[in-house]
Amino acid sequence: MNTDTRSDHSDNDDCMLTLYGKPISSRLLLGTAQYPSPKSLLNSIKSAGTGIVTVSVRRESGGKQTGQHFWELLTQTGCRLLPNTAGCRSVKEAITTAQMARELFDTTWIKLEVIGNDDTLQPDVFGLIDAAKELCSQGFDVFPYTTDDLIVGEKLIAAGCQVLMPWGAPIGSGRGLQNPKALESYRRYFADVPLVIDAGIGLPSHASQAMEMGYDAVLLNTAVAGSGNPEQMAHAFSMAVHAGRTAYLASPIEPRDMAQPSTPLAGTPFWIE
């Protein structure tokens with residue numbers, strides 16, 4: 001893998017983020033669950049300026065009328081839909097759900113989740129790799145929700161994934177980037193692969209931190225939907241993602257152990273008494 005710290009596919013703002021050959025207008029991806037009302041959801045999507053929204057296949061297929069209404073609601077946004085396999089705990093279940101999503105939403109895009117632990121909702125990386133391999137062979141464009149393990153990432157790429165989505169922290173926890181050193185290594189290791197931080201983001205500063213590391217986008221849901229003012233929070237995240245991305249492109253200074261004066265001492269006048 002290329003170990004350059006800057007990814008070749010996104011060196012400047014003139015180069016729009018591209019995922020599976022599709023240009024994406026925003027580096028903030030938004031989930032659609034848990035909003036207090038449909039109006040709040042639509043306003044939040046607008047405030048975020050997002051180009052991609054995720055949707056749970058299980059929720060929309062549970063009731064025909066409710067699912068149809070929600071589908072019509074999302075089409076109003078003009079956003080590209082990224083259905084997910086949320087709640088799936090086996091390879092077979094995830095593959096079946098992905099196939100349903102392709103029929104329901106007429107898209108080959110799928111956010112692949114295979115959950116291995118009920119408390120942390122940590123991905124079952126073994127099942128994730130198996131499911132990704134099968135879905136890629138069936139023509140799906142797979143967005144795998146994974147950990148920050150480099151070997152797992154390699155195997156997902158080998159399976160056919162062109163995007164990786166490592167977690168920042170457990171889903172809905174709001175803890176931010178729990179293992180920043182590992183995520184920095186992940187970014188350097190997969191320098192040529194679009195990377196999206198998925199899960200655990202709680203504050204705009206967390207999103208900005210991820211973007212400052214060079215990540216290509218962030219995906220969040222609870223931090224906006226669960227806040228006191230989803231529309232306002234969505235706007236705050238939009239600004240944070242833009243600020244973090246801009247800072248990354250500006251090549252920030254490296255941290256130092258010692259102070260360095262902003263005003264040079266050479267040439268400073270002095271008097272001898």
Determine whether Gln34 and Thr222 satisfy the following criterion, side-chain contact (heavy atoms from CB on, under 4.5 Å), listing intermediate values before the conclusion. CA-CA 7 Å; Gln34 303 176 346; Thr222 307; 3.6 Å; yes
Do [X] and [Y] have a side chain donor and acceptor closer than 3.5 Å?
X	Y	result
Glu212	Ser208	yes
Ser40	Glu231	yes
Gln178	Arg175	yes

With under 30° as parallel and over 60° as perpendicular, where do the rings of Trp167 and Tyr145 fit, or are they tilted in between?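 Perpendicular.
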Are [X] and [Y] side-chain neighbours, meaning at least one heavy-atom pair lies under 4.5 Å?
X	Y	value
Thr107	Leu81	no
Phe190	Glu154	yes
Thr32	Asn221	no
Arg80	Val53	no
Thr54	Leu29	no
Thr97	Ile110	no
Asn117	Ile115	no
Asp106	Arg102	no

His206 (side chain) donor-acceptor with Leu203 (main chain) under 3.5 angstrom: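 A pair under 3.5 Å: yes.
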Counting distance only, does the side-chain N/O of Thr96 pair as donor-acceptor with the main-chain N or O of Lys92 below 3.5 Å? yes
Between [X] and [Y], is there a shared hydrophobic cluster once you connect ILVMFWY residues whose side-chain heavy atoms come closer than 4.5 Å?
X	Y	answer
Leu128	Phe126	yes
Leu121	Met165	no
Tyr20	Leu135	yes

side-chain contact (heavy atoms from CB on, under 4.5 Å) assessment of Phe143 paired with Leu82: CA-CA 9 Å; Phe143 294 70; Leu82 176 59; 3.7 Å; yes
Taking only residues two or more places apart in sequence, or in another chain, which ones meet Ser90 in a side-chain hydrogen bond (donor to acceptor under 3.5 Å, both in side chains)? none
By the salt bridge (Lys or Arg N to Asp or Glu O under 4.0 Å) test, which pairs, at least two apart or in different chains, include something from residues 156-172? none
Quick one: salt bridge (Lys or Arg N to Asp or Glu O under 4.0 Å) pairs with a partner in residues 113-138, sequence neighbours left out? Arg89-Asp118, Lys111-Glu113
Starting at CD1 of Ile197, measure out to CE of Met213 and round the result to the nearest 0.5 Å.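 Nearest 0.5 Å value for the CD1-CE distance: 7.0 Å.
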Restricting to non-hydrogen atoms, name the atom on Gly168 and the atom on Leu183 that form the minimum distance, rounded to 0.1 Å.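 Shortest heavy-atom separation between Gly168 and Leu183 comes out as CA-CD1, 4.5 Å.
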Candidate list Ser44, Cys79, Ser238, test side chain to side chain contact (heavy atoms under 4.5 Å, CB included), partner Thr50, passing option: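 Among Ser44, Cys79, Ser238, the one that satisfies the side chain to side chain contact (heavy atoms under 4.5 Å, CB included) with Thr50 is Cys79.
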Enclosure of Glu103 CD (heavy-atom neighbours >12, cutoff 6.0 Å):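 Check fails, neighbour count at 12 or below.
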Audit row: Thr18, Ile24, side-chain contact (heavy atoms from CB on, under 4.5 Å) steps and yes/no: CA-CA 6 Å; Thr18 301; Ile24 307 302; over 6 Å; no
Give the C-alpha distance, both sets of side-chain angles, the deciding distance and a yes or no for side-chain contact (heavy atoms from CB on, under 4.5 Å) between Leu42 and Tyr35. CA-CA 10 Å; Leu42 291 177; Tyr35 285 84; over 6 Å; no
Using the ring centroid of each side chain, check whether Tyr186 and Tyr215 are separated by less than 6.0 Å.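 Distance test on ring centres: not under 6.0 Å, no.
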